[in-house]
Each structure stands twice: as C-alpha cells, then as structure tokens.
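Please read the structure below before turning to the comments.
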Number of protein chains: 2
Amino acid sequence: MTTDPPRPTDAELEILTVLWNRGPGTVRDVHDAIAARKPTQYTTVLKTLQIMAAKGLVRRDETQRAHVYEAALPSEVTRRQLAGDLLTRAFSGSARNLMLGALSSRKATKKELAELRKLLDDYEKGTV
Amino acid sequence: MTTDPPRPTDAELEILTVLWNRGPGTVRDVHDAIAARKPTQYTTVLKTLQIMAAKGLVRRDETQRAHVYEAALPSEVTRRQLAGDLLTRAFSGSARNLMLGALSSRKATKKELAELRKLLDDYEKGTV
DNA sequence: ATCCTACTACGATATTCTTCGTAGTGCAAG
DNA sequence: CTTGCACTACGAAGAATATCGTAGTAGGAT
C-alpha cells in the first residue's frame, strides 16, 4: 500500500493546474505557460517538477530526451482533497460556511447560483 | 494604510480556531485546548502566538501578567480569505467546482443540503 | 526574605518551500 | 569532428514553518 501524495504547495498547485489544463507536457511546456504570467526561471520549474515526481504528485516519462510530466491524480481528486482539507481545518466541516466564504469572497452571477442549485440537485440524485 | 495580515499557516489556523471558539484567552487557555487533542509543548504555542502577533494575526493585551490574545479578524473574514484563495488557486474561480469538491470529500446530510439551498436563497435576496 | 511556580523572551534546530546558478550530456547542424 | 543548444541533475541559499529548550522574571506563599 502506497501513501497518498501530500497536499501540493502553492508552487506545485500552479504547475498541476498547467498539467491539468494542457495535459502531459515537458518542462518547457509548463515553463512557457507559467512564464507567460510571471517571470520564472526554467530551472525553477524543472526543479519543482523533479521534487513533485519524488513526492508522487506527477509521473514522469523518461523515454524522450525531454521528459514528459503528467499529473499523477486527476484534478477532481486533488481538488477534493484540497476542499475537504480546508473544510475541516478552517470550517469545522460546515459546507454551508465554506460556500458562504466562497460566495462572499467575490460577486456571484445569477448563472453561477443556478449552477450551484443544479449541483445540489444532482448531488442529491446521485447523478454526480 | 496597513497591509492585510497574510494567510495563516496550518499551525496558526489551529490557534485561531481556538480563539474564535472560546474568545480571547491566554497562552495557557490556548495550549490547554490544543494539547487536549494532540501533544504540544506550551512554549510552542507561546512562540507561535508571538509570531502571529508580529504578523498582525492576533492582538495582544499585555496589561495582565499572562497576556491575553485575541484574533485580529473575525472568523468570517479570515474564512472568506481562505475560501477565496483556494477558489482562485485550485478551482479557477468556479464556486460550483469548489462546492463539488467539498461535497464529494465526505457524505453530506439532507439537512446540510437544505442549509445550502437556503444559503443560496438568502444570498440572492441579499439577506446574507 | 526566600522559594516556587507560572509566565515571557528568545535562541536554536530541523524541515520544508522556493528559487536560481552551475555543471554535465546528448544530439543535430555545420 | 566540433560546436552550440536544449535538456537534466544537483547543490546551495534564503525564507518560512514548526518545534522545543533554556534563561530570566514577577509575584504569591511560606
């Protein structure tokens, strides 16, 4: 039995987001995506990806000279972990209060509220 | 204009939770609450509270020999910050997906789902 | 006055996080 | 073959985190 990968750090989550959005990619791919938004050295991304591989957060395919990295877990699983973690640590398990915090952190559109209602319905039906 | 206090760390959040639940208290108070759940040295809590005071996460009343600490911000504000932060960093701003993550991290009761629906209604009415 | 206890202050350590520079290597172009 | 480039490996350093031990002090009890 292997242990679950630990909760990703901020920098790691940023990289995971790129891998989730674009699918598996090389360090170059990830770096380009991140450097487009903030100045970052190539080797910083490389090193972080190596650490993430050691932690089991990403898998690495070394058959090519430029290794190809892939998120070890689908975004849903990691997100569930993060949401559940915050729910426990900061909200004493109250989903209601977590949602309230999220909603009040910024304006929610009517469309989003409708989505949320539908989600509750689907959840109750077991559709999701 | 003062800067907002930074996002609390795990250990800091644990202490804030005690202060939110019990109101202002001494290091002794906080330590007793935490040590009841996991072995922790008194001075660890003391040191962390001192650091938190320096960061502005808590306020300190030194008029008594045993200083009295108080959360600098109400739980709602810090929680909003944390929820908003996770919403942005891990969920690309999708409240729907954050809620899905929270719900799927553990079973939700019928009562809780009702609470959530009511929250959406209240939010739409501006009641909350 | 002396002693004991509870308290604060603070240094120190180990670990993690984040970033970056340097060194080494394989490969393709000339 | 030689050169240059893109890539990996890795050490290092600085900041943040988390924990604990020691030293010093205030104040009440004897």
Side-chain angles (χ1 to χ4, degrees), chain A residues 3-19 24-70 78 82 85-86 89-90, chain B residues 3-19 24-70 78 82 85-86 89-90:
Chain A
T3 316
D4 273 357
R7 170 157 54 111
T9 66
D10 287 0
E12 288 166 353
L13 184 55
E14 203 175 357
I15 287 177
L16 284 177
T17 298
V18 173
L19 293 176
T26 62
V27 178
R28 178 65 53 192
D29 294 331
V30 175
H31 174 257
D32 286 353
I34 290 179
R37 289 182 295 98
K38 74 173 194 193
T40 311
Q41 288 307 116
Y42 176 89
T43 54
T44 298
V45 176
L46 167 66
K47 178 70 161 182
T48 305
L49 274 166
Q50 288 170 344
I51 292 171
M52 292 171 76
K55 289 182 182 177
L57 287 170
V58 296
R59 272 189 303 268
R60 172 161 69 171
D61 172 358
E62 308 186 358
T63 57
Q64 304 301 320
R65 183 155 113 78
H67 300 172
V68 174
Y69 290 87
E70 177 181 12
T78 298
L82 290 169
D85 181 72
L86 187 66
R89 291 202 347 274
Chain B
T3 316
D4 272 359
R7 170 157 53 110
T9 66
D10 288 0
E12 288 166 353
L13 184 55
E14 201 175 359
I15 287 177
L16 285 176
T17 299
V18 173
L19 293 176
T26 62
V27 178
R28 179 64 54 192
D29 295 330
V30 175
H31 174 257
D32 286 353
I34 289 179
R37 289 182 295 98
K38 74 173 195 194
T40 311
Q41 288 307 116
Y42 176 89
T43 54
T44 298
V45 175
L46 167 66
K47 178 70 162 183
T48 305
L49 273 166
Q50 287 169 344
I51 291 172
M52 291 172 76
K55 287 183 183 178
L57 287 170
V58 296
R59 273 189 302 268
R60 172 160 70 171
D61 173 358
E62 307 186 358
T63 57
Q64 304 300 320
R65 182 155 114 77
H67 301 172
V68 174
Y69 290 86
E70 178 181 11
T78 299
L82 290 169
D85 181 72
L86 188 66
R89 290 202 348 273

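Note on naming: letters A, B, ... go to the chains in the order of the sequence lines (proteins, then strands), and numbering restarts at 1 for each one.
- Listed pair Thr44(A) / dC20(C) meets the phosphate criterion, a side-chain N or O lying under 4.0 Å from OP1 or OP2.
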Could you walk me through whether Asp61(A) and Glu70(A) pass the side chain to side chain contact (heavy atoms under 4.5 Å, CB included) test, one step at a time? CA-CA 8 Å; Asp61(A) 172 358; Glu70(A) 177 181 12; over 6 Å; no

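- Of the listed nucleotides (dC20(D), dT17(D), dT8(D)), dT17(D) has the atom at the smallest distance from the side chain of Lys55(B).
- Side-chain atoms of Arg28(B) stay outside donor-acceptor range of the base of dA6(C), with no qualifying N/O pair under 3.5 Å.
- One N or O on the side chain of Thr40(A) and one on the backbone of Lys38(A) form a donor-acceptor pair closer than 3.5 Å.
- Along DNA chain D, the nucleotide nearest Lys38(B) and the nucleotide nearest Thr43(A) are compared for position; the residue whose nucleotide lies closer to the 5' end is Thr43(A).
- Spacing between atom CG of Asp10(A) and atom C1' of dA15(D) amounts to 14 Å, rounded to whole angstrom units.
- Between Glu62(B) atom CD and dA6(C) atom P there is a gap of 22 Å when expressed in whole angstrom units.
- If you check dC10(D), dC20(D), dC7(C) against the side chain of Ala66(B), the one that comes closest is dC7(C).
- Of the side-chain N and O atoms in Arg60(B), one or more sit less than 4.0 angstrom from OP1 or OP2 of dA9(C).
- Residue Leu57(A) contributes atom CG, which lies 14 Å from atom P of dT16(C) at whole-angstrom precision.
- Residue contacts shown for Glu12(B) are absent, as no nucleic acid heavy atom lies under 4.0 Å away.
- Rounded to an integer number of Å, the gap from CG of Leu49(A) to C1' of dT19(C) is 14 Å.
- At a threshold of 4.0 angstrom between heavy atoms, the contacts of Thr9(B) are confined to the sugar-phosphate backbone, with no base atom among them.
- The listed nucleotides are dT19(D), dG21(C), dT8(D); the one nearest the side chain of Lys47(B) is dT19(D).
- In this structure, the CD atom of Gln50(A) is 14 Å from the C1' atom of dG21(C), given to the nearest Å.
- Side chains of Ile51(B) and Glu12(B) form a contact here, defined as non-hydrogen atoms less than 4.5 Å apart.
- Nearest-nucleotide positions on DNA chain C for Ala11(A) and Arg65(A) put Ala11(A) closer to the 5' end.
- In this structure, Ile51(A) reaches the bases: a heavy-atom distance under 4.0 Å links it to at least one base atom across the strands shown.
- The interatomic distance linking Asp32(A) (CG) with dC7(D) (P) rounds to 9 Å, in whole Å.
- Around CD of Gln64(B), the count of heavy atoms belonging to other residues, nucleotides or ligands within 6.0 Å does not exceed 12.
- Residue-level contact check: Thr48(A) touches the bases, meaning some heavy atom is under 4.0 Å from a base atom.
- Rounded to an integer number of Å, the gap from Tyr42(B) OH to dA23(D) P is 19 Å.
- Partner of Ile15(A) under the side chain to side chain contact (heavy atoms under 4.5 Å, CB included) criterion, chosen from Leu19(A), Thr17(A), Val18(A): Leu19(A).
- Rounded to whole Å, atom P of dG26(C) lies 16 Å from atom CD of Gln64(A).
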